[in-house]
Each structure stands twice: as C-alpha cells, then as structure tokens.
Amino acid sequence: MRFSKLFAPTLRESPADAEVVSHKLMLRAGMIRKVAAGIYTLLPLGVNVLKSVENIVREEMMLAGAQEVTMPMVVPSELWKESGRWDEYGKELLRLNDRHGRDFCLGPTHEEVVTNLVAGEVRSYKNLPMNLFQIQTKFRDEIRPRFGLMRGREFVMKDAYSFHVTEECAEKEYLNMKAAYSRIFERCGLDFRAVEADTGNIGGNFSHEFMVLADTGEDAIVSCEKCDYAANVERAEIGLPAGEGASSSEAASSLPLPEKVSTPGKKSIDEVSEFLKVKPETLIKSLVYNTDKGPVMALVRGDLEINNIKVKRAASASWAELASEDIVSEITGAPSGYVGPVGLKGKLIADFSVRSMRGAVTGANEEGAHLRNVEPGRDFSAEYTDLRVAGSGDKCPRCDEGSFKLFRGIEVGHIFMLGTKYSESMGAKFLDENGKEKPMIMGCYGIGIGRTAAAAIEQNHDEAGIRWPVPIAPYQVCIAAVTMKDHDSLELAESLYFGLMDKGIPTLMDDRNERAGVKFKDLDLIGIPVRITVSTNTMKEESVEIKERGGETRLVGYKDTVAEIIRILKIPPSG
RNA sequence: CGGGGUGUAGCGCAGUUUGGUAGCGCACCACGUUCGGGACGUGGGGGUCGGAGGUUCAAAUCCUCUCACCCCGACCA
C-alpha cells in the first residue's frame, strides 16, 4: 500500500473523551472513528489488524478440529424464549420488531441459535462430538461502554460451541480449546495467563478466562508464585493460613463476656477502630445481604473485603446483593453500621478469618453501640467458609506452599463447560448406542477480536505510539522515502517495495510528499514493526537503513535488504 | 440506573463569573522559501456556539426543558 493513497487520518492530539492508551492510540493512528457510544467504524489500518487477529484465530480453531459457520445477527425471540433467557437476559439484549411486530433481538451470544441448529440436525451419538465456531459481530447494549474497542456495544467476537456424548469427552474438548487459545494468544505476541473464573450468567460448571497482563486491565487476578494456580479474584479460593481454621473453643469461656460500648456516629470500620483505639483486624465486619433465598449476614475480619460472588455461593443463591436499609433494620433491629452477629436470629455465614478471632469488636444491633470482647463460637455460631476477596500474599489453596501475587489483566477469551443447561431447554438430544435418549453435553468458547487488538496495544506501546507484535501489525514493514525529489532514491524505494510485495510481505510505502520528520512520526505512531529508510545519504554506500520499532538503526546493502527483512520477521522459507 | 462532569471550526482549547462585532494553536487550501524526527513566511476557506423554548433593544454568556457524550459504581469478549 502507498501511504499517499491510504485513508489513515493521523492526529497529533488525542480526542478528549479517550481515556486509555489503546483507545487514544487507535484514534490517533487513524484506525478507528466513533459513530456512537461504543460503536465504531474501522478504518483500513484497523481492518488490517482485526483481520490478522481473525485469521490467527480461524487457523487455530480449524487446526483444533472446529468447523466454521455463520449464524445470523438478528435472532427471533422464540429461540430466546425457549431457553428462558428472553426474560432473564435483561436490558443488555437489544430487542427490535420487524414490520409485522414480531420480536427479534440482536444476538449478544449464540447458544440458542447453535443449539437449535444442532438439535434439529443431529440425532445419533455417531455424529458427535462436534465443535462449531463463527467470527461475527455481536451487539450487547452495555450500560456503560468505554475504552474504545475494549468495551464496545458492537464488537467482533469468535464464539465456538461444542456438543458431546459424555462429560469426559466434553472435558477433553475443553482442554483442547484451552490449548488452542494459548497458541492463539502466543501467536498474537501477547503476555497472558489462563485463570480460573466465575461462570457469570452464561451458566455452566467451570470456566477459564484468558487474561492479557496489563496494568490498565479492568480485572484483578491472583496467581500462585509456586504452582500454576491462577484465578480471577472474583473466583480465587484461599488456602487456610495456619491457625485461621481452628476455633478457639476451650479458652474462650475464661474470657470476659461481651460488653456494650457507646459509639455514637461511628459506623465504618475506620471510624470505630479509631474511636475505640483498636486495630481494624480486631473488628468483625458484618454485612447484610439480600438474596433470592432470603437475607443473610456475612462476616469477615475488619481489614478484609467480602467477595459478593462467594456470598452468593455460600448462600446457595442465584443472586446476592447488599441489603437495603429496610431489610437491615428488619432483621437486626439496627441501622447498618451497628449490626453484628451476637443475638442474630437469621442466617449467618462467616469467613474463616473470623473463626480464630479473640476479643473482637462488632456492632451491637443497636444504634450508636458496639460490643467488645466478642468470642466467635461462644457468643455466636456461624457457618464458616471462604468469603473474602483474595489478595496479594494470601495462601495458595492448591500447593500449600506458595502465596498469591496480584496482577491486573484484560479478559480477551473465556471458555466454559456448559453441561446440559441449553441442550435440555432447547431439546438438543441424541440416541446413544443403547437407543437411549440423552441431552448433549456442551462447552462454549469465546474470544473478543477487537479487544485482543486493543489489549495488544495496552501491552505494547511507548511515547511515540503503538509497537505492534509482527503477526498482527497492520503492515509488517514500511519504507520511508526521505528524499522525494531525488530520482535514484525514489527508484530504489520503489524496487524494494516491489521486492517485498513479491515475497508476500505486507508493506507500507510512505511516498507522501512530506518532510522526513513527519513520516517518521506517523510511522512510529502507527507502529509498523520494521522501517526501511531510503535516502541519498546512504545511497553513496549502496545501502539503506533498517530500524526495528524501538530499536537501533543499522545500514544494510541494497541487495541484502529483502533477505534481511525476511530474517527479522522470522518468516520460514517457502517452497 | 444512581452519583459527578462536558458540549464553541476536523482535533485540542479560550471566551460564559460581569449579556454588546465568535477567538487561539494544530489540521486544511494557495504561493514562496525549506527538506533526516511533526519547518517558516504571506494570504485564505471553514461556526446557525448540542437542540428547543423563554427573558432582553441585544444571548455562546441569564432562566426552563431536552438531547448527546465522558468519568465513578453493579455487568461482560
């Protein structure tokens, strides 16, 4: 491609509404332009990058044995009513009507469509297993789209769905996909982790997220420094630190009984600990949650945080949220800030960290009062479990040796074992070798294509702009013709351009009638991995300059240039 | 949806407090000089100041309503 013909309007300054680097740089490099909140037009450079990511994904999916299909974006409501998600999915599902007033939605994900397809065509165990994937534009009416392609409402996603006869077979495919995903993100040149994750509202048995490590990531993950356990903090289990699990039964009886102290206006952990001159870890944080199974009080040591998802699981509820003031005072008799486990009649769950606490401080279930000398086990009894948010330094639950390190990451892929949730509701059944009808076991596997591109920028950039990993760069090589007036120099640039194109190397020829500085700045901003600079200066030595993005400049003879580029790009010799 | 904020040229902003000819930098067009890290000079084009209503002799500026966008929370590839 010739830059003089390329539609890539670069900007010196980033638009004020761009917050994260990837968004700013994509706008500045002329890759994307916004059409509406969370909805973007991809310009030629943006298309090139997304296509490269797509091709890597497509190749690896095919190698892993999946087959490509294309499902519609517009989906009739019947399918969603059949699975029950028409009512469950909420406002994120963009609903629309056709001219006859029939209900449709824009597909945010395609379990319904694919399961319906397979249910209609596959009857026998002989036709299973099967894995179908597509690369397609999805629409989710996100509450708050932001960060450019990182969290758009309309976005390109690769989604795959597998169907199996047995659990074992499904698990095998799950691992197959996990391996394929690792190859995909490796080929994209990304530094990533596969972490255990919560299944969210897609449902299913267990799942892994693929996280690109970046400080700007929206997700927090922990990984063990000794073994390979890694998990989203939403999900991460915590190993029991020595002593924490044990209860403090015997000694407790000899300790003083709870004593009420007046703490007017002191509600938060910080206020109470400062007022009573005790450390936050002496307090028991008591939070009332409302769930579909009724209200429940959750306890954790004062210096720790409660993980909502763990509360939900501990209460065996399908949702859990902090209770409103009405519910709090109804079950405790006090406003929030003064509630505690002592004398509570409702359901009580507590983090392991609470069990071994001694002489603790809690709310007295009376406005303006707290209790001191509270002894778990003696003064209240609770169901002990893991409720807290995992953090740096917590013990690994798997190897019992290592402790956690905390990272931030961008979720670029997610794989789920779905089980029979959709095959049962959508009637995807088959006959096994005994002629018995059974629901198919399913798995599903997603990759955000645009998000992967954005994550690559978050991880690979500097002050000058983007530093694309070679496999997903919009062009792998660029040629800066510095002295546009010099005929010989231009001719050399042209011959190198054709030489590279002949080898199938995507090359951008900067033939614009601009000063050298302008070209260098733009090419750095766009982030082409390798630059060839052709000028009269180096022509005396029959050479050109080659510079890898962010690296040093060196001279290479004319005749060796194409071979040198091939070496740098590590392209295997072709037949 | 709750809380906070912003809408003035393609982009970045000033002007709004205290109503009175709509401005600056970059980008764009023409000519000239320049030509290896976003050049300089001269001249030029581009705006119903997000929209609607109101107050006023006069509104970017004051009042009312509305729309869009951005940031912080719950959701997610």
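Heavy atoms only: backbone and side chains are in, while hydrogens, waters and symmetry mates are out. A note on names: the letters A, B, ... follow the listed sequences, proteins ahead of strands, and every chain is numbered from 1.
Applying the Watson-Crick and G-U wobble criteria (two distances, each under 3.5 Å), C1(B) pairs with G73(B). With a cut-off of 3.5 Å on both pairing distances, U21(B) has no Watson-Crick or G-U wobble partner at all. With a 3.5 Å ceiling on both atom-pair distances, the Watson-Crick or G-U wobble partner of A39(B) is U33(B). Here G45(B) sits opposite no nucleotide as a Watson-Crick or G-U wobble pair (both hydrogen-bonding atom distances under 3.5 Å). Judged by Watson-Crick or G-U wobble contacts below 3.5 Å, the nucleotide A27(B) has no partner. Under the Watson-Crick or G-U wobble criterion, with both distances below 3.5 Å, C65(B) is paired with G51(B).
Which of A74(B), A77(B), C75(B) sits closest to the side chain of Ile143(A) comes down to A74(B). Among C11(B), G37(B), A77(B), the nucleotide with an atom closest to any side-chain atom of Glu13(A) is C11(B). The side chain of Arg144(A) has G73(B) as its nearest neighbour among G37(B), G73(B), A77(B). Counting only heavy atoms from C-beta on, Asp522(A) has its side chain closest to G38(B) among C75(B), G38(B), C72(B). Of the candidate nucleotides G37(B), A74(B), G38(B), G38(B) has the atom lying nearest to any side-chain atom of Thr10(A).
Residues from residues 15-40 of chain A placing a heavy atom under 4.0 Å of any atom in RNA chain B, listed by number, are Pro15(A), Ala16(A), Asp17(A), Glu19(A), Arg28(A), Lys34(A), Ala37(A).
For the pair Asp219(A) CG and C75(B) C1', the computed distance is 11 Å after rounding to whole Å. The distance between atom NE2 of His414(A) and atom P of C75(B), rounded to the nearest whole Å, is 14 Å. In this entry the distance linking CG of Asp524(A) with C1' of G37(B) reads 8 Å, nearest Å. Taking atom CD1 on Ile410(A) and atom P on C76(B), their separation rounds to 18 Å, with Å as the unit. Taking atom CD of residue Glu142(A) and atom C1' of nucleotide C70(B), one finds them 16 Å apart after rounding to whole Å. Residue Arg512(A) contributes atom CZ, which lies 10 Å from atom P of C28(B) at whole-angstrom precision. Between the OH atom of Tyr161(A) and the P atom of A77(B) there is a distance of 10 Å, given to the nearest Å. One interatomic measurement links the two molecules: CG of Leu50(A) to P of A77(B), which rounds to 18 Å at whole-angstrom precision.
Within the 4.0 angstrom heavy-atom criterion, no nucleotide atom of any strand lies near Asn232(A). Among the heavy atoms of the strands, none lies under 4.0 Å from Glu154(A). Across all strands, Arg531(A) comes closer than 4.0 Å to base atoms (heavy-atom distances). Residue Gly413(A) is classed as a sugar-phosphate contact, given heavy-atom separations below 4.0 Å to backbone atoms only. Contacts of Asp159(A) with the nucleic acid, taken as non-hydrogen atoms under 4.0 Å apart, are absent.
The aromatic ring centroids of Phe210(A) and Phe185(A) lie less than 6.0 Å from each other.
Judged by ring centres under 5.5 Å apart and planes tilted less than 30 degrees, Phe520(A) fails to stack against the six-membered base ring of G38(B).
No side-chain heavy atom of Glu411(A) sits less than 4.5 Å from a side-chain heavy atom of Asn232(A). Inter-residue side-chain proximity for Arg313(A) and Arg235(A) is flagged as met; some heavy-atom pair is nearer than 4.5 Å. Under the 4.5 Å side-chain criterion, counting only non-hydrogen atoms from C-beta, Met211(A) is not in contact with Ile410(A). Between Val339(A) and Met297(A) the shortest side-chain heavy-atom distance falls below 4.5 Å. By the 4.5 Å heavy-atom criterion applied to side chains, Asp486(A) and Met539(A) are counted as neighbours.
Comparing the C1' positions of G46(B) and A30(B) gives a spacing of 15 Å, expressed to the nearest Å. Taking atom C1' on both nucleotides, C11(B) is separated from G47(B) by 15 Å, rounded to a whole Å. Annotation: G23(B) and G15(B) have their P atoms spaced 16 Å apart (nearest Å). Remark: the separation of the C1' atoms in G25(B) and A9(B) is 13 Å, to the nearest Å. Taking atom C1' in both U8(B) and A59(B), the straight-line distance is 14 Å, to the nearest Å. The C1' atoms of C62(B) and G20(B) are separated by 14 Å, rounded to the nearest whole Å. Between C26(B) and G45(B), the distance separating the two C1' atoms is 16 Å to the nearest Å. Straight-line distance between the P atoms of A60(B) and U21(B): roughly 9 Å, to the nearest whole Å.
Here Glu237(A) does not pair with Lys310(A) in a salt bridge; the nearest charged N to carboxylate O distance is not below 4.0 Å. With respect to Glu564(A) and Arg554(A), a salt bridge is recorded, a charged nitrogen being found less than 4.0 Å from a carboxylate O. One finds a salt bridge joining Arg2(A) and Glu494(A) here, because a Lys/Arg side-chain nitrogen approaches an Asp/Glu carboxylate oxygen to under 4.0 Å.
Positionally, the nearest nucleotide of RNA chain B for Ser14(A) lies more toward the 5' end than for the other of Thr538(A) and Ser14(A).
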Please produce a list of atom pairs where a protein N or O lies less than 3.5 Å from an N or O of nucleotides 39-43 of chain B.
from: A39(B); atom 1: OP2; to: Arg515(A); atom 2: NE; distance (Å): 3.4

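Taking the side-chain contact (heavy atoms from CB on, under 4.5 Å) definition, one finds that Glu13(A) meets it with nothing, sequence neighbours left out.
Phosphate contact (OP1/OP2 of C69(B), side-chain N/O of Arg146(A), threshold under 4.0 Å): absent.
When Arg144(A), Arg146(A), Arg451(A) are each tested for a salt bridge (charged side-chain N to carboxylate O under 4.0 Å, His left out) with Glu218(A), only one passes: Arg146(A).
By the 30° and 60° cut-offs, the orientation of the rings of Tyr445(A) relative to Tyr174(A) is tilted. Note: His23(A) and Tyr40(A) have perpendicular aromatic rings, judged against thresholds of 30 and 60 degrees for the angle between ring planes.
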